[in-house]
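All heavy atoms count here, side chains included; hydrogens, waters and symmetry mates do not. Residue numbers run from 1 in the order of the sequence given. Predicted model, so just to flag it, every value in this text is computed and none were measured.
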Amino acid sequence: MSTTEMSFRVLGPLEVAAGGRVLSLGGAKPRMLLGSLLLNPNRLVSTDVLVDVLWPHSPPRSAVANLRTYVSTLRAGLRGGTDGHGDRNEDRIRALTSGYSLHVEPEELDLLRFDQLVEQAQRDRSTGRPERALDLLRQAGSLWRGRPLEGLPASPGWQSALGRLTERRLAATEERLALQVATGEYTNAISELQGLLEEHPFREELWRQLMLALHGSGRRAEALDAYTVVRRRLADELGVEPGPELRHVHRLVLSGERAEEPGAVEVEPQHVCQLPPDTPDFTGRAPQLAELLGTLAEPDRMPIAIVVGAPGMGKTTLATHAAHRLRSRFPDGQLHVDLGGTSRTPRDPAAVLAELLRSLGVPGAAVPEGAHERAARFRSLLADRRMLVVLDDAVNAAQVRPLLPATAGSAVLVTSRSRIAELPGAHQVELGVFSPAEAVALLASIAGRDRVDTDDEACDRLLAACGHLPLAIRIAGAKLAGRQGWPLRVLADRLDDESRRLNELRLGELGVRASVDLSYRGLAPAAARAMRLFGLLEGPSQPGWVVGALLGSDDAQYEDVLDQLVDANLLRLAGVDCSGQPRYAMADLLRVYAREIVRADPAEERDAALERVAGGWLTLAERACAHLPTSIFAPATGAAPRWCPEAAVLRLVTADPVGWLTAETQALVAAVEQGPRGAAQELAACLVPWFDLRSHFDEWRRTHDAALVGATEDRDRWGEAVLRRGLGQLALYQDRYPEAVEQFQRSRGLFDSVDDEHGAAIAVSGLAAVERVLGNTEDALRNCTAALGMFVNAGDRHGEAYARNVLGVIQLAAGRHAAALGEFSSALRISRSLADRHREAHVLHELGKLHFTLGRTSAAVAETERALGVFEAIGDTQGEVYARQQLGEMHAQLGDEPRAAALLRAALEGHRRIGDRRGEASTAQSLGELHQAAGRIDPARTHIALARQLWRELGSEDKASELTAALTSLG
């Protein structure tokens, strides 16, 4: 059986027949699903729309799964009536990425057949074949068996489509009756027209045809009485006069003339001003307003301006204010239409065009049937006129394009929550949150300037809680205006509580939650889930792969989700980082909304999403840090789960690990502070080589403090040992020596308790470093020798090179030059055999110091310069600073004062930048002595005084006393 022998009927009760036999299609839900597909034949109907139709109020969590079941039911029903050719009819319902479509031929569906017949009738009428046109319209009318989808449960999702169907039926009926009147079939037409006017008493075209039929049949008095009735009814109930075509027929009847062909009256566009009222307290947006006024006032073209922004940004308020400012430039009128872009059923451009045409004076019967014909009529009416068309809340370019004038003089102003980039020449004006000054001005204009000015702190807190969102500020201001006894701090305190913030930001019909919800409901399921989960993340911005981790997608499909969220202005592009990755951020109140609705998701799904994100950061951080200079502080890999982003992200990290780490440092810190405990501990430890290399001491402290809480509470002794070792190293760098000793000792004890000799070796080497800095040579020597033995036992050659270098430093400080040279030589040999340039640079730096002590000044300078070159090449900030300081001090002693001063100034600034007070003190002292030797007393006094202050703060009273004496000698 071929597919063309099936018939589908929706113009009345839903019915599917095959071979003359009506098919059974299951219960109400499958039939409602089929009805939805047949109302949109051969077009994709999204899953969201179908769910809304079947469950308009509270869809179950299993809605999508149920939908698939109903599709299977329908396929089985269609297959049951095909005599062995079920595969063809089963394929009628096609499952696509975001929904379903039903394929039907025009002759199979009564709705499509109706449209075909009406269109052919219009062609026949326009080509002078009214009798054939009348016959076709009668055939079209016979297809109707009642109300569309009669007998099925009502659904709000159908209202718009069914309303359009009813309007098309009525228009076709009007067309048929007009042809009956034009061809002299007066008696039947009069009876039917009178019946229709009982249902549609304000439809002027029906009255016009009734008057023509009565006049044509010789009942002139009744025709004039009909005009009196309709004129009184329009005036009494609507306050308007009959339209030009009805008045024209009245004049014909009065004069006794015969009527022309229906629709021959020329329509003169009426002047209209449909703009909503302007906002009396309009505030801010001065640059954007100027941009709109300038764009829309260009006289030599038809400008289009699109105001785009997230929910609550004040797009409609700005557009309305701009339109009122522009009224004098558009003297022929201002049209305004709400396109319903954020509603469940955005308005059909064809219906909007019919509304616009009627607003411009076109009678209902003269409104063309097709969307293309309506658009052409609309463009004709606006040709060479100066009109402003305001299209509020557009959903996309396809909805806007048919509503555009075609000639210079008119202008179009669009507002949308979505970016509309497909309209050629359109000027985009994007709205963000208010600036602090704009926010204060709006709040003051509503709540009162005195209240705002009396409590700056409460005002700042209130506006911060509102996220500087205009809608939120307007609601807050209105609440305060209605509660004159409240000081600002009362509402500010309420808004501080994030859990009740959206409840507070609601007043009457205004509400931030309701505004955002309109955009959220329009998202595809994956995008909606991504928005909910994105709200859980901390940090100012995120790279795109994070959305893939939230969704559990291991390929780049998440990019489509990102595009949807950005186009809907629920995420914003927060720039591009130094590694070339786009960054995405969510506005504060959108984040509050997302966190509120994500609570309905199962806790295990939320936890799994955050675990994947933390695992992704850990995977990428490990890959990036593996390309940094070798560090003995890199921890062993733990058991926290990893998640791997797609290959393109991995290649980006490998291609420029330093650039990636630079771009992501703050996001990595946030990931540690928020991530699951195991991943947080491992990520904090993984980042130590990076923090060490670039002296990111604040980030080092934050990550370790955050991760240590979890490790301690979980009794994770190994994790605690790793973190305390890191905190000890940081305390050493920042001259907190008692804290450093305590952390290293506790770290060693914990490593010993879990039999990790290598970890213990790192902790002991830290103790040795503290003792060396404090001048406790023998204790430093003992600890460093012990650490060396542990590194050797563990087979860690990098650790051995490190320990031997430190031993050389200790021996040099003790004046044992030969022993120092032996250790440096061993350390240099091991480093070079391992291709460890970082350790090699540290050894060269110390060898330079040894050579200078021994009077080998050329070798000393050469070794130190080589060390500086390596430090610069690998990006070791701290190594660079100390190498410059050493070179500066060498050149000072060699008498090259300009070179020494330049190097020491650079080193002093470097120590300040990384927070190394010991290095700053010693460099300031060297600079002071250099200025003193050159006779520059004031700069000498300044630098020596600074050095004395720093040594005192560091507890080095002996050095501070020496500098006091030096200052005395300077006078």
Mind running side chain to side chain contact (heavy atoms under 4.5 Å, CB included) on L536 and F534 for me, showing each step along the way?
CA-CA 5 Å; L536 295 172; F534 196 96; over 6 Å; no
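- Counting all heavy atoms, side chain and backbone alike, L946 lies closest to E920 at CD2-OE2, 4.1 Å.
- With hydrogens and angles ignored, the 3.5 Å screen pairs no side-chain donor or acceptor of T654 with any backbone N or O of R651.
- When all heavy atoms of L727 and D705 are compared, the closest pair comes out as CD2-OD1, 3.9 Å.
- W690 and H696 make their closest contact through NE1-CD2, 3.6 Å (heavy atoms, listed as atom of the first residue, atom of the second, distance).
- With sequence neighbours left out, the side chain to side chain contact (heavy atoms under 4.5 Å, CB included) criterion links L854 to H817, L850, R856.
- Q925 places none of its side-chain heavy atoms less than 4.5 Å from the side chain of L950.
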For Y737 and R918, run side chain to side chain contact (heavy atoms under 4.5 Å, CB included): C-alpha distance rounded to whole Å, both residues' side-chain angles, the deciding distance at 0.1 Å, then the answer.
CA-CA 12 Å; Y737 304 118; R918 179 171 290 274; 2.5 Å; yes
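- For residues 736-752, the pairs satisfying salt bridge (Lys or Arg N to Asp or Glu O under 4.0 Å) are R701-E739, R736-E739, E742-R746, R748-D752, with sequence neighbours left out.
- Atom CZ of R583 sits about 6.5 Å away from atom CD of Q542, to the nearest 0.5 Å.
- Separation of atoms CG (N805) and CG (L788) is listed at 12.0 Å; rounding is to 0.5 Å.
- With hydrogens and angles disregarded, a donor-acceptor distance shorter than 3.5 Å links the side chain of R606 to the backbone of D601.
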When the side chains of residues 610-620 are checked against the rest of the protein, which donor-acceptor pairs come out under 3.5 Å, sequence neighbours left out?
{"residue": "R612", "atom": "NE", "partner": "A549", "partner atom": "O", "Å": "2.6"}
{"residue": "R612", "atom": "NH2", "partner": "L550", "partner atom": "O", "Å": "2.7"}
{"residue": "T619", "atom": "OG1", "partner": "G615", "partner atom": "O", "Å": "2.9"}
{"residue": "T619", "atom": "OG1", "partner": "W643", "partner atom": "O", "Å": "3.2"}

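- In this structure, H838 and D876 have side chains that are in contact, with non-hydrogen atoms separated by less than 4.5 Å.
- Under the side chain to side chain contact (heavy atoms under 4.5 Å, CB included) criterion, A621 pairs with L668, L683, C686, L687, sequence neighbours left out.
- Put simply, CG on D755 and CH2 on W718 are 14.5 Å apart, with the number rounded to the nearest 0.5 Å.
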Worked verdict on E498 versus R591 for salt bridge (charged side-chain N to carboxylate O under 4.0 Å, His left out)
CA-CA 10 Å; E498 185 177 295; R591 190 186 303 276; over 6 Å; no
Show, in sequence, the C-alpha distance, side-chain angles and deciding distance for W951 and E962, and conclude whether the side chain to side chain contact (heavy atoms under 4.5 Å, CB included) test is met.
CA-CA 10 Å; W951 286 125; E962 292 175 9; over 6 Å; no
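- Distance OG1/T964 to CD1/I944: 10.5 Å, rounded to 0.5 Å.
- Between R884 and E872, at least one side-chain N (NZ, or NE/NH1/NH2) sits under 4.0 Å from a carboxylate O, which counts as a salt bridge.
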Test salt bridge (charged side-chain N to carboxylate O under 4.0 Å, His left out) on E800 and R797; report intermediate values, then the result.
CA-CA 5 Å; E800 181 183 351; R797 296 280 284 165; 3.2 Å; yes
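- Of the N and O atoms on the side chains of T665 and E699, not one donor lies less than 3.5 Å from an acceptor on the other residue.
- When every heavy atom of V843 is checked against every heavy atom of F824, the shortest pair comes out as CG1-O, 3.4 Å.
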Take E538 and R595 through the salt bridge (charged side-chain N to carboxylate O under 4.0 Å, His left out) test and state the conclusion after the steps.
CA-CA 11 Å; E538 303 289 349; R595 288 178 175 176; 3.3 Å; yes
Yes or no on side chain to side chain contact (heavy atoms under 4.5 Å, CB included) for R952 and E957, after CA distance, side-chain angles and deciding distance?
CA-CA 6 Å; R952 278 180 176 164; E957 284 299 333; 3.8 Å; yes
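- In this structure, L708 and E720 have side chains that are in contact, with non-hydrogen atoms separated by less than 4.5 Å.
- Taking both residues in full, the closest heavy atoms of T864 and G848 are given as OG1-CA, 3.8 Å, listed atom of the first, atom of the second, then distance.
- For the pair S747 (side chain) and A721 (backbone), a donor-acceptor distance under 3.5 Å is present.
- With hydrogens and angles disregarded, no donor-acceptor distance shorter than 3.5 Å links the side chain of R839 to the backbone of R837.
- Pairing each heavy atom of A769 with each of L732, the nearest pair is CB-CD2, 3.6 Å.
- Taking 4.0 Å as the cut-off between side-chain N and carboxylate O, E846 and K849 count as a salt-bridged pair.
- The shortest side-chain heavy-atom distance between V669 and E673 falls under the 4.5 Å cut-off.
- Contact check for S826 versus R829: side-chain heavy atoms found under the 4.5 Å cut-off.
- Ion pairing of E863 with R866 is present here, as a side-chain N (NZ or NE/NH1/NH2) and a carboxylate O approach within less than 4.0 Å.
- Taking CG of L828 as the reference point, atom CZ of R804 lies at 13.0 Å (rounded to 0.5 Å).
- V764 places none of its side-chain heavy atoms less than 4.5 Å from the side chain of F744.
- Between the side chains of Q893 and E889, no donor-acceptor pair of N or O atoms lies under 3.5 Å.
- Using a 4.5 Å heavy-atom cutoff, the side chains of L812 and L821 are not in contact.
- Of the options H845, H911, H842, a ring-ring contact (aromatic ring centres under 6.0 Å, His included) to Y882 is made by H911 and by none of the others.
- When only modelled atom types and interatomic distance are considered, Y802 and D796 share no side-chain donor-acceptor pair under 3.5 Å.
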Can you give each donor-acceptor pair under 3.5 Å made by side-chain atoms of residues 775-782, sequence neighbours left out, with the distance rounded to 0.1 Å?
{"residue": "N776", "atom": "ND2", "partner": "E771", "partner atom": "OE1", "Å": "2.7"}
{"residue": "D779", "atom": "OD1", "partner": "R782", "partner atom": "NH2", "Å": "3.2"}

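- From L903, atom CG reaches atom OG1 of T923 across 11.0 Å, with rounding to the nearest 0.5 Å.
- Under the salt bridge (Lys or Arg N to Asp or Glu O under 4.0 Å) criterion, E605 pairs with no residue at all, not counting sequence neighbours.
- With contacts defined as side-chain heavy-atom distances shorter than 4.5 Å, the pair W700/D692 qualifies.
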